[in-house]
Amino acid sequence: MLIKDKEKFFTKPIVVCLCAIFCCVLWGSAFPCVKIGYKLFEIDQTSPASLMLFAGMRFTLAGIFVIVFGCITQKKFIAPKPKNIWRVLLVALFQTVMQYTFFYIGLANSTGVKSSVLNGLGVFFTILIACFIFRTEKFNLIKLAGCALGFCGVILLNLDGFSFSFSLLGEGFIIFSGLSSAVAAGLVKIFSKKEDTTVLCGYQFLIGGAVLIVTGLCFGGRVTHVDVGAAFMLVYLAFLSACAFTLQGFLLKYNPVSKVAVFKSTNPLFGAVFSAIILFEYEQLLSWFTLIALVLVCAGIFVINKFGEFKPKLAVQPANSTPLSSDGEENKAEQTENFENVENKK
């Protein structure tokens, strides 16, 4: 598929909608599946090294999946250009190493439902970073209001009665995971213009996963049990990462960050629902605190992306007038071209 064909395909509203929601369904299923993976592999959830080792196994395999897929579709061996290796390493640092070190440790110390809602903060971080660091969007009061709604939802989610329940290694690390994800999204948006998206995603997974494995082993991480069920869960987790992040990479490459981020409002919802169904966390999902928190987080994301950008209407020009420009060169060229056309007709 040519680049123009890819751009035309991935900018279609229906394609953006379906692909983005499909990514969120996959990510939502990751919350309970990771927790099940802890049990199947008999991971010591009090050992950060073992958690990092498990995460490294998943993302190394995900990287292999993406690279093999790229080699098959492009009918050649794919690898990053030498000048782009530092870009791959930087994405790997934020997308895989930092994000999933925080995510796996945080998820081990929090519930699936709460983690899925807290992870929705990554969307707000994405907007803020796009506005103030990468400066690809403008910040305004509507976006501020959307962020306020989201943070109110997070505070409400952590209220047990009238007490504030918050753990740095639990809820705190989930929030840090969302922050790392937001930085990575901005980097992918920028770097995908310099490097093939499949190459960027595949090698950042492979390198990031290898770093997690080595770090986990060096600090005493262990996986003591492997069977068919555990292997199947690992393959599924690797597949969902490979599929969702590569697909998101294409969406970010050809669309504004905010246009893709709006659909992440469904991410905490899918995560909470899957956690309730698979992990039997019905009581927390059906509590008023969690339901209202979900509504606030999703509403905040929707407000930011739906009403966050104001496009001033252009003044209507008279039919016979020529639009003004700052330096007059464009208008001059246009007038010259019109004059030449008239002369040719004569």
Side-chain angles (χ1 to χ4, degrees), residues 1-30 59 62-63 65-67 69-70 73-74 78 84 87-88 90-92 94-96 99 119-131 133-134 136-137 143 146 177-178 180-205 208 239-271 298 301-302 304-306 308-309:
M1 187 183 290
L2 298 175
I3 294 178
K4 289 185 177 180
D5 293 334
K6 286 183 178 180
E7 183 174 3
K8 183 178 180 180
F9 178 77
F10 282 108
T11 53
K12 291 181 179 179
I14 185 64
V15 173
V16 174
C17 177
L18 293 177
C19 289
I21 290 180
F22 178 64
C23 289
C24 290
V25 170
L26 292 175
W27 283 320
S29 69
F59 293 110
F65 284 168
V66 176
I67 293 171
F69 171 77
T73 56
Q74 299 185 28
I78 61 173
N84 289 331
R87 292 185 170 93
V88 174
L90 191 59
V91 174
F94 285 97
Q95 180 72 69
T96 301
Q99 179 183 182
N119 194 252
L121 281 178
V123 180
F124 302 103
F125 292 141
T126 301
I127 299 297
L128 294 175
I129 289 174
C131 292
I133 296 181
F134 296 113
T136 57
E137 300 184 22
K143 291 181 179 179
S177 172
S180 298
S181 174
V183 174
L187 293 176
V188 170
K189 170 69 176 176
I190 296 172
F191 293 165
S192 60
K193 297 177 181 178
K194 303 291 184 179
E195 183 58 82
D196 180 78
T197 304
T198 304
V199 173
L200 185 63
C201 291
Y203 279 91
Q204 71 86 14
F205 272 143
F239 165 76
L240 78 84
S241 296
C243 182
F245 282 108
T246 303
L247 195 54
Q248 180 191 237
F250 281 106
L251 294 177
L252 288 172
K253 180 176 182 178
Y254 298 114
N255 297 278
V257 174
S258 60
K259 185 176 181 180
V260 178
V262 66
F263 296 98
K264 282 194 173 183
S265 61
T266 61
N267 198 3
L269 177 61
F270 287 125
C298 293
I301 297 170
F302 179 78
I304 287 176
N305 291 276
K306 182 67 175 179
E309 295 294 338

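Note that this is a predicted model, so its numbers are computed, not measured.
- From T197, atom OG1 reaches atom NZ of K6 across 7.5 Å, with rounding to the nearest 0.5 Å.
- Shown here are the side chain to side chain contact (heavy atoms under 4.5 Å, CB included) partners of S180, two or more places apart in sequence or in another chain: M98, Q99, F102.
- Under the rule for a side chain to side chain contact (heavy atoms under 4.5 Å, CB included), the partners of V25 that lie at least two apart in sequence or sit in another chain are I21, F270, F274.
- Considering only residues two or more places apart in sequence or on other chains, V199 meets the side chain to side chain contact (heavy atoms under 4.5 Å, CB included) condition with I78, P80, E195, D196, Y203.
- From S181, atom OG reaches atom CZ of F94 across 12.0 Å, with rounding to the nearest 0.5 Å.
- Closest approach of C19 to L251, counting heavy atoms only: CB-CD1, 4.0 Å.
- Counting only heavy atoms from C-beta outward, the side chains of L252 and S192 never approach each other to under 4.5 Å.
- The distance from atom CZ of F250 to atom CZ of F9, rounded to the nearest 0.5 Å, is 10.5 Å.
- A search for side chain to side chain donor-acceptor pair (under 3.5 Å) contacts involving T246 returns nothing, not counting sequence neighbours.
- With rounding to the nearest 0.5 angstrom, the CD1 atom of I67 is 11.0 Å from the SG atom of C201.
- When side chains are defined from C-beta on, F245 does not count as touching V66, because their heavy atoms never get closer than 4.5 Å.
- Side-chain contact between T11 and V16 is absent, with no heavy atoms from C-beta onward closer than 4.5 Å.
- Closest non-hydrogen pair, A242 versus A62, comes out as CB-O, 3.7 Å.
- In this structure, OG on S241 lies 9.0 Å from CD on Q95, to the nearest 0.5 angstrom.
- Applying ring-ring contact (aromatic ring centres under 6.0 Å, His included) to F205 and the options F65, F59, F239 leaves one that passes, F59.
- How far NZ of K189 is from CD1 of I129: 15.5 Å, rounded to the nearest 0.5 Å.
- When the side chain to side chain donor-acceptor pair (under 3.5 Å) test is applied to T126, no partner is found at least two apart in sequence or on another chain.
- Put simply, the side chain of L247 reaches to within 4.5 Å of the side chain of F10, judged on heavy atoms.
- Listed by chain and residue number, K264 satisfy the side chain to side chain donor-acceptor pair (under 3.5 Å) test with Q248 (two or more places apart in sequence, or in another chain).
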